[in-house]
Amino acid sequence: METKNCLVIDGVIDIIDTEGDFWQNYKIRMFLPKLNYPHILPEVFEISSKIDRDIKYHIDTNGKCCLDIYHRLALAQRRGINIIDFYKKFVYPFFANHQFKIETDSYANGEYDHDIAGVIQYYKEEFQLTDFKTIIKYLECSLGVLKAERNRECPICGKPKYKKCCAMKVEKLKSYGNKLLITDLKIFNEILSKPIL
């Protein structure tokens, strides 16, 4: 089905385990905006109502699925969406994970938090960063607020040559785009500005 601004794809996903056994199926509806394609994020809704509308299952009250940590989705969007690859990497695993959660009471690849807690978790797991002041320096360097030269002292950790310590993480952060980095910088600055109880 096609609307003026969006391609709408309806389908059924069959979840099959590694032994070839059928577990469950889900009716889904995917909205694929035409504007800015392929640099868009499809929205996926579970319309068979087999998933409880509960944040613990990463789904909202309207059935919209939170397919993964937003940073991973944003990176895929910036690189450009191929709908088949998007389905394989994000859509099918989401529904397979729901079945795994029902069977084992845990997710196959671990749990991820929401909102600010999810941002903190992402920096911890993806970049091995837990100190908020250090994260802010990485973000400021990625945004060009802190100036860094490859063969000079690192403005983040103070080691003699920036290229040998923090440059790789900064380059990786740049791939997420300024908009997301500015949002993250605001989040971490706000966390540090709150008084400790």
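Numbers here simply count residues along the sequence, with the first being 1. Small disclaimer: the values here were computed from a predicted structure and weren't measured.
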Say you draw a straight line from [atom1] of [X] to [atom2] of [Y]; how long is it, rounded to the nearest 0.5 Å?
{"X": "Tyr70", "Y": "Tyr122", "atom1": "OH", "atom2": "OH", "answer": "12.0 Å"}
{"X": "Asp115", "Y": "Ile120", "atom1": "CG", "atom2": "CD1", "answer": "11.0 Å"}
{"X": "Asn178", "Y": "Leu139", "atom1": "CG", "atom2": "CG", "answer": "11.0 Å"}
{"X": "Tyr87", "Y": "Asp85", "atom1": "OH", "atom2": "CG", "answer": "13.0 Å"}
{"X": "Cys141", "Y": "Lys147", "atom1": "SG", "atom2": "NZ", "answer": "9.0 Å"}
{"X": "Leu67", "Y": "Phe90", "atom1": "CG", "atom2": "CZ", "answer": "8.0 Å"}

So does [Y] get a backbone contact from the side chain of [X], meaning a donor-acceptor N/O pair under 3.5 Å?
{"X": "Asn62", "Y": "Lys64", "value": "no"}
{"X": "Asp17", "Y": "Glu19", "value": "yes"}
{"X": "Asn36", "Y": "Ile40", "value": "no"}
{"X": "Arg78", "Y": "Ser175", "value": "yes"}
{"X": "Lys169", "Y": "Phe127", "value": "yes"}
{"X": "Arg152", "Y": "Arg150", "value": "no"}
{"X": "Asp68", "Y": "Arg72", "value": "no"}
{"X": "Lys50", "Y": "Asn25", "value": "yes"}
{"X": "Thr183", "Y": "Lys179", "value": "yes"}
{"X": "Asn189", "Y": "Leu185", "value": "yes"}

Practice problem: Tell me, please, which residues at least two apart from Asn97 pass side-chain hydrogen bond (donor to acceptor under 3.5 Å, both in side chains). | Solution: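 Result, side-chain hydrogen bond (donor to acceptor under 3.5 Å, both in side chains) vs Asn97: none returned.
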
Self-check item: Contacts of Lys163 that satisfy side-chain hydrogen bond (donor to acceptor under 3.5 Å, both in side chains) - sequence neighbours left out
Solution: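 Per chain and number, Lys163 pairs via side-chain hydrogen bond (donor to acceptor under 3.5 Å, both in side chains) with Asn151.
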
[X] side chain near [Y] side chain, heavy-atom distance below 4.5 Å:
{"X": "Ile28", "Y": "Val12", "answer": "no"}
{"X": "Asn5", "Y": "Pro33", "answer": "no"}
{"X": "Phe45", "Y": "Cys65", "answer": "no"}
{"X": "Gln24", "Y": "Asp14", "answer": "no"}
{"X": "Ile81", "Y": "Pro42", "answer": "yes"}
{"X": "Asp131", "Y": "Leu129", "answer": "no"}
{"X": "Arg29", "Y": "Ile9", "answer": "no"}

Do you reckon [X] sits in the same ILVMFWY cluster as [Y], going by side-chain contacts under 4.5 Å, direct or chained?
{"X": "Leu146", "Y": "Tyr162", "result": "no"}
{"X": "Ile69", "Y": "Phe100", "result": "no"}
{"X": "Ile84", "Y": "Val44", "result": "yes"}
{"X": "Ile182", "Y": "Leu192", "result": "yes"}
{"X": "Phe22", "Y": "Ile13", "result": "yes"}

Quiz item: Do Tyr123 and Phe188 have ring centres separated by under 6.0 Å?
Solution: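 For Tyr123 and Phe188, the ring centres are under 6.0 Å apart.
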
Practice problem: Verify the ring-centre separation between His58 and Tyr107: is it less than 6.0 angstrom? | Solution: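 Yes, close enough.
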
Quiz item: Tyr57 vs His98 aromatic rings, parallel, tilted or perpendicular, using cut-offs 30° and 60°?
Solution: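 Tyr57 and His98: perpendicular rings.
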
Quiz item: Do Lys27 and Asp10 pass the side chain to side chain contact (heavy atoms under 4.5 Å, CB included) test, and can you show the C-alpha distance, the side-chain angles, and the key distance before you say yes or no?
Solution: CA-CA 7 Å; Lys27 290 181 183 177; Asp10 286 341; over 6 Å; no

Quiz item: If you measure only the distance, is there a donor-acceptor pair under 3.5 Å linking the side chains of Glu125 and Gln121?
Solution: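 Short answer, yes.
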
Should [X] and [Y] count as an ion pair when the cut-off is N to O under 4.0 Å?
{"X": "Lys172", "Y": "Glu126", "answer": "yes"}
{"X": "Lys174", "Y": "Glu171", "answer": "yes"}
{"X": "Arg53", "Y": "Glu46", "answer": "yes"}

Quiz item: How close do Tyr92 and Ile15 get, heavy atom to heavy atom, and via which atoms?
Solution: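 What the structure gives for the nearest pair is OH-CA, 3.4 Å.
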
Quiz item: With Tyr176, which residues qualify under ring pair (Phe, Tyr, Trp, His ring centres under 6.0 Å), at least two apart?
Solution: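 Not a single residue meets the ring pair (Phe, Tyr, Trp, His ring centres under 6.0 Å) criterion with Tyr176.
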
